[in-house]
Trainee: 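I'd like to ask you about the structure that follows.
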Amino acid sequence: MAESSSSTVNTGQTEVGGVRTENIPVQVTTIRLTKENYMQWSASMTMGIAGRGRIAYINGRKIEPNETNMYGQKKRIVRVYQLMKDVYSLRQGEHSVADFYAALKSKWEDLDYYSDDTWDCPQDQVRHLTKEWENRVFLFLAGLNEDFEGIRRQILNSDRLPSIEEVYSRVEAEEQ
């Protein structure tokens, strides 16, 4: 008789408690592989994997999905849209400047994660990133409460637009 084991395989998407999760290892068979029971173990593993619709990845009929295919371009676009919507609607409100900036920065980091731009020319990338950071300064300033109108005007009327870090530092100093 074969011993019990925790032969697991990563089966991709699984539904747990009504929520779809990715890459949860599940037990496929209770048969522990030994030198004597390969055929029994192999048949059990094959049935378990096939029962989860993943056998085509094992036998080579399907190639391993890359990240874009796995999560889908549509899901990426929807996530980027939601993040952009959140960023543009974010306001300081009752939050401190530090909390407001942290919330914006977190959303920007999420957006950066989903960025998949490719560049033919390094100068184009530099121009794009410069414009993006300039827009982040504008979003931060636009989201501040009216109490900061004075510092907002000073920053916008300066000869050059400071970096987001400089702007944050000046606004935070004004808050205190």
Side-chain angles (χ1 to χ4, degrees), residues 1-91 93 95 98-137 139-140 143 163-165 168:
M1 174 122 190
E3 295 178 28
S4 180
S5 172
S6 61
S7 293
T8 60
V9 73
N10 214 344
T11 60
Q13 292 186 347
T14 307
E15 191 158 327
V16 176
V19 177
R20 290 190 72 79
T21 58
E22 302 288 331
N23 302 321
I24 294 179
V26 294
Q27 185 169 347
V28 177
T29 182
T30 58
I31 299 172
R32 180 183 301 264
L33 177 61
T34 65
K35 291 179 183 178
E36 295 81 30
N37 71 346
Y38 174 78
M39 294 305 286
Q40 182 185 9
W41 174 86
S42 177
S44 180
M45 285 295 288
T46 301
M47 285 177 25
I49 293 169
R52 289 170 176 81
R54 302 290 189 245
I55 197 67
Y57 295 105
I58 303 297
N59 64 21
R61 284 191 219 140
K62 284 189 178 179
I63 60 168
E64 181 179 348
N66 63 31
E67 189 171 319
T68 303
N69 291 340
M70 187 183 306
Y71 299 110
Q73 184 67 12
K74 286 184 180 181
K75 288 182 181 179
R76 190 192 77 75
I77 289 170
V78 169
R79 182 67 180 135
V80 169
Y81 168 77
Q82 187 60 51
L83 286 167
M84 291 296 287
K85 186 176 166 189
D86 292 348
V87 165
Y88 279 92
S89 66
L90 205 55
R91 298 290 178 260
H95 299 287
D99 289 344
F100 171 59
Y101 179 70
L104 268 175
K105 193 171 177 181
S106 174
K107 298 291 182 187
W108 290 333
E109 287 170 356
D110 288 348
L111 280 168
D112 291 343
Y113 173 79
Y114 287 103
S115 176
D116 61 353
D117 297 331
T118 55
W119 303 99
D120 297 325
C121 170
Q123 291 82 10
D124 289 345
Q125 181 181 17
V126 169
R127 278 189 219 108
H128 172 77
L129 292 174
T130 301
K131 187 70 172 168
E132 187 170 315
W133 283 103
E134 182 179 278
N135 286 338
R136 290 177 180 189
V137 169
L139 285 166
F140 174 67
S163 71
I164 187 66
E165 291 85 6
Y168 166 67

Trainee: Taking Val126's backbone N and O only, do any of them form a donor-acceptor pair with Thr130's side chain (distance below 3.5 Å, no angle check)?
Mentor: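 Indeed, once roles are kept as given, a pair shorter than 3.5 Å links the two residues.
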Trainee: Please check: side-chain N/O of Ser44 versus main-chain N/O of Gln40, any donor-acceptor pairing under 3.5 Å?
Mentor: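 Pair absent, no side-chain N/O of Ser44 close to backbone of Gln40.
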Trainee: Looking at Arg136 and Asp112, what are the two nearest heavy atoms and their distance?
Mentor: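 It is NH2-OD1, 2.7 Å.
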Trainee: How close do Ile31 and Trp41 get, counting heavy atoms only, and between which atoms?
Mentor: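 Scanning both residues, the minimum pair turns out to be O-CD1, 3.2 Å.
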Trainee: Rounded to the nearest 0.5 Å, what separation is found between the OH atom of Tyr113 and the CZ atom of Arg76?
Mentor: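 The distance works out to 11.0 Å.
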Trainee: Working to the nearest 0.5 angstrom, can you tell me the gap between Leu104 CG and Arg91 CZ?
Mentor: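 Spacing of CG (Leu104) from CZ (Arg91) equals 9.0 Å.
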Trainee: Taking atom CG as the centre, does Asp120 end up with more than 12 heavy-atom neighbours from other residues, nucleotides or ligands that are less than 6.0 angstrom away?
Mentor: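 Count not over threshold, so no.
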Trainee: What class does the angle between the rings of Phe140 and Phe100 fall in, given that below 30° is parallel, 30 to 60° is tilted and above 60° is perpendicular?
Mentor: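 Rings of Phe140 and Phe100: parallel, as their planes differ by under 30°.
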Trainee: Measure the spacing between CZ of Arg79 and CG of Asp110 and express it to the nearest 0.5 Å.
Mentor: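 Result: 5.5 Å between the selected atoms.
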Trainee: How many angstroms lie between CG in Leu139 and CH2 in Trp108, if you round to the nearest 0.5 Å?
Mentor: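 The CG atom of Leu139 sits 6.5 Å away from the CH2 atom of Trp108.
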Trainee: Table please: side-chain donor-acceptor pairs of residues 81-90 below 3.5 Å, with sequence neighbours left out.
Mentor:
{"residue": "Gln82", "atom": "NE2", "partner": "Asp86", "partner atom": "OD1", "Å": "2.9"}
{"residue": "Asp86", "atom": "OD2", "partner": "Lys107", "partner atom": "NZ", "Å": "3.3"}
{"residue": "Ser89", "atom": "OG", "partner": "Lys85", "partner atom": "O", "Å": "3.0"}
{"residue": "Ser89", "atom": "OG", "partner": "Asp86", "partner atom": "O", "Å": "3.2"}

Trainee: Is any side-chain heavy atom of Asp124 closer than 4.5 Å to one of His128?
Mentor: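 They are not in contact (no side-chain heavy atoms under 4.5 Å apart), so the answer is no.
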